[in-house]
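Here's the structure, in structure tokens; my notes come after.
Each chain gets a letter, A, B and so on, in the order its sequence line appears, and its residues count up from 1.
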2 protein chains.
Amino acid sequence: MITLADVARRAGVSVSTASKALNDRRDVAESTRAKVRAAADDLSFVPNRVATSLLSGRTGTVGLITHDLEGRFSIPLLMGAEDAFGLNKVSVLLCDARGDRLREQYHLGVLMERRIDGLIVVGARTDTRSSLGQDLPVPVVYAYAPSDDPEDCSIVSDNVRAGALGVEHLLSAGRTRIAIIAGDRTYGAATERAQGAVARLAEAGLEPLGGQPVFGAWTEDWGRAGTHAVLARHSEVDGVLCGSDQIARGALDALRDAGREVPADVSVVGHDDWEILVTGSRPPLTSISMNLEDIGRLAARRLEEAMEGRPSHGVEAVVPRLVVRGSSVS
Amino acid sequence: MITLADVARRAGVSVSTASKALNDRRDVAESTRAKVRAAADDLSFVPNRVATSLLSGRTGTVGLITHDLEGRFSIPLLMGAEDAFGLNKVSVLLCDARGDRLREQYHLGVLMERRIDGLIVVGARTDTRSSLGQDLPVPVVYAYAPSDDPEDCSIVSDNVRAGALGVEHLLSAGRTRIAIIAGDRTYGAATERAQGAVARLAEAGLEPLGGQPVFGAWTEDWGRAGTHAVLARHSEVDGVLCGSDQIARGALDALRDAGREVPADVSVVGHDDWEILVTGSRPPLTSISMNLEDIGRLAARRLEEAMEGRPSHGVEAVVPRLVVRGSSVS
DNA sequence: CTGAAAGCGCTTACAG
DNA sequence: CTGAAAGCGCTTACAG
């Protein structure tokens, strides 16, 4: 490996002068700078950032510990973070903790040895998770799943708003007999989305068909079963708000089986805007995106601020976005 | 930040002795070692790996440049790599190149400055990609998309074998009138899978319905359209091998629309074994997995070997695996 | 068994 | 404008 000393030797200057020349510091003669640059080019010199890191105490790396096995959240978040940090400024050390607290601790230890400048922790579900504590030597931002310590900084999706957004869209499409087929009731994302939807219905003087949301599982199976049940008891249904895109896919199937036209007879709206599920359905599925990249970007920004000495505290929610496709309006 | 010097001072020994004590080297008195350990514990000493890296010339980091936007491949690959390397040995710097060669070059430059010990490059599709060249100072392994330089080491999925595997399964389910609804013909994955399927049919003295595979797109829409066309021209069809799970989802829909029972009348097999698509369908979809984690694991192993001075060359294919669900046999 | 010294590759005051 | 010296935090021969 070529070192700065090699470059200096070839340019006929001292190491310190070579350093200054390459780092665009003034008080170097232009002719000297040119000589050094030429030497560096000739030798294909690539500065060793490990040395700079040791010297400056900053590595320009950020740890990203994820619990999201399928990569549904991590990659968009990573993309958002890369955008926010800038490619040359910060590199991301990605660690997969697989929902395991021990594995998380282990990764945390390794990251501390590597002297990361900051840490983003991505949860597998939106529910609150236990804090890593306040005595870590670097700032931490929790993304997607907020920390249970209000002292921490957490960036989440506004699921209540997302539910309301779905209802608003159905109302604006002229729907008033709306069923809410929610997800797994043990998940905050399921109850919050349902809660936001119910509240927004109430504002309009309505309530969901059957008086309340029906909870089930995050599956197409449940989407089908739930929709069948709704059809049996409330055949007047003209709108279905589903807790996820998978549930919505099941709902579309069940409505088709029952001979209902979507969106002519019934409008269907999902949650998550998961590309693979929403584009292929008949018709394509209107859905509510959590804007995961925005969550990543905001998490990165808050982390950057904290690294610069201006930490944030508490939970900040990213506003979801409605993506209209053929399943809700014609 | 606590340094080894702090620990040494507190333990009343020299820095070198403290180093030896903590690194389990012999020629340290047990009593001294205990003293040093106690001091390190008291101070919550976390060794600075940046210093070690500078000294040893090895950082214990590996770059992973991915072009896979949705994270369909990267995360399983990362998991496989983490498994293979061992969590404490190697950390992964993940870079998202987004299919952009410039972005890739940029990330490559940053990774070189960070003195990674090795590099894995993950393609977005299985087609051959251009090599990063032979004059990189660290070993490179190409995963999923092979390099066009046979001198490089590439780990791919055996798509030909995958196609054959699908046909074998359909044959063993007693199917002989098999349609092949392939993916986008501009993708190697589409043509190779189809080719493997056709060859395996030929071995059994058969050919696909219509004489050859039909190509289209990687979408559910195409799966529906292709299947409708097959039903119109070859109503005797009793097996459908699809180029992807999305296509297979479309096929299931089309068969249901046409009143065909799956798997009683027709068996359907997909490719990729994409969890989100295969479990929710009616019935759940039999599919052929590329074993992405195995690709990641093998890529990591080959990279490790290369880092230890035993490089591999050429393309190595990971054998796919049939995952049987309700769409092919009852 | 212990510790002083050198050095990994760089940057940064500080003399000249 | 240039360069010798010190130092970032650690490990490793080498004396003692």
Side-chain angles (χ1 to χ4, degrees), chain A residues 1-40 43-61 88 110-117 137-138, chain B residues 1-40 43-61 88 110-117 137-138:
Chain A
M1 264 293 170
I2 304 296
T3 71
L4 187 59
D6 298 324
V7 174
R9 195 173 310 118
R10 174 175 255 256
V13 298
S14 73
V15 175
S16 30
T17 298
S19 170
K20 284 172 217 156
L22 292 179
N23 289 309
D24 286 326
R25 327 233 6 274
R26 310 178 277 124
D27 28 280
V28 176
E30 264 318 313
S31 60
T32 308
R33 193 189 305 284
K35 257 194 319 190
V36 175
R37 282 215 184 110
L43 298 170
S44 301
F45 172 64
V46 179
N48 186 341
R49 263 178 100 150
V50 176
T52 331
S53 294
L54 183 57
L55 218 36
S56 70
R58 313 196 88 227
T59 54
T61 58
N88 53 334
V110 172
L111 291 174
M112 290 305 127
E113 292 187 353
R114 293 196 181 284
R115 294 297 192 265
I116 52 171
D117 295 332
V138 298
Chain B
M1 263 295 170
I2 305 297
T3 70
L4 188 59
D6 299 323
V7 175
R9 195 172 312 117
R10 175 175 255 255
V13 298
S14 72
V15 176
S16 31
T17 299
S19 170
K20 285 172 215 155
L22 291 179
N23 289 308
D24 287 327
R25 330 238 355 279
R26 308 179 279 124
D27 30 280
V28 175
E30 263 321 312
S31 60
T32 308
R33 191 188 306 284
K35 259 195 316 190
V36 175
R37 283 216 182 108
L43 297 171
S44 301
F45 171 65
V46 179
N48 186 341
R49 263 177 98 150
V50 176
T52 331
S53 293
L54 183 57
L55 218 38
S56 69
R58 314 196 86 226
T59 55
T61 58
N88 51 336
V110 172
L111 292 174
M112 290 304 128
E113 292 187 352
R114 293 195 180 284
R115 295 297 192 265
I116 52 171
D117 296 332
V138 298

Checklist entry - If every non-hydrogen atom of B:D6 is compared with every non-hydrogen atom of B:I2, which pair is closest and at what distance? => result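 That would be OD2-CA, 3.4 Å.
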
Contact check, side chains of [X] and [Y], non-hydrogen atoms, under 4.5 Å:
| X | Y | answer |
| --- | --- | --- |
| A:R115 | B:V46 | yes |
| B:V36 | B:K20 | no |
| B:T59 | B:D117 | yes |
| A:L22 | A:L4 | yes |

Next on the checklist: Whether B:T32 contacts C:dC1 is assessed here as follows: a side-chain N or O lying under 4.0 Å from the phosphate OP1 or OP2. Is that the case?
Outcome noted: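 No, no such contact exists.
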
Checklist entry - Distance-only, no hydrogens or angles: does the B:R25 side chain make a donor-acceptor pair with backbone N or O of B:T17 under 3.5 Å? => result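 Not at all, since once roles are kept as given, no pair shorter than 3.5 Å links the two residues.
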
Rounded to whole Å, how long is the line connecting atom [atom1] of [X] with atom [atom2] of [N]?
| X | N | atom1 | atom2 | answer |
| --- | --- | --- | --- | --- |
| B:M1 | D:dG9 | CE | P | 11 Å |
| A:K35 | D:dT2 | NZ | C1' | 10 Å |
| A:R9 | D:dA4 | CZ | P | 13 Å |

Next on the checklist: Strictly under 4.0 angstrom, non-hydrogen atoms only: write out the protein contact profile of nucleotides 10-16 of chain C, one letter per nucleotide from the 5' end, B, S or -.
Outcome noted: BBBB---

Checklist entry - For B:V28 and B:S56, take the nucleotide of DNA chain C holding the closest heavy atom to each; which residue's nucleotide lies nearer the 5' end? => result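 Nearest-nucleotide comparison on DNA chain C picks B:V28.
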
Next on the checklist: Strictly by Watson-Crick or wobble contacts shorter than 3.5 Å, is anything paired with D:dA13, and which nucleotide is it?
Outcome noted: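 Here D:dA13 is not engaged in any pair, so there is no nucleotide opposite it.
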
Item to check | Nucleotide opposite D:dA4 in a Watson-Crick or G-U pair, distances under 3.5 Å | outcome: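 Result: none.
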
Item to check | Closest nucleotide among D:dT2, C:dC8, C:dG3 to the B:L54 side chain | outcome: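 Shortest atom-to-atom distance from the side chain points to C:dC8.
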
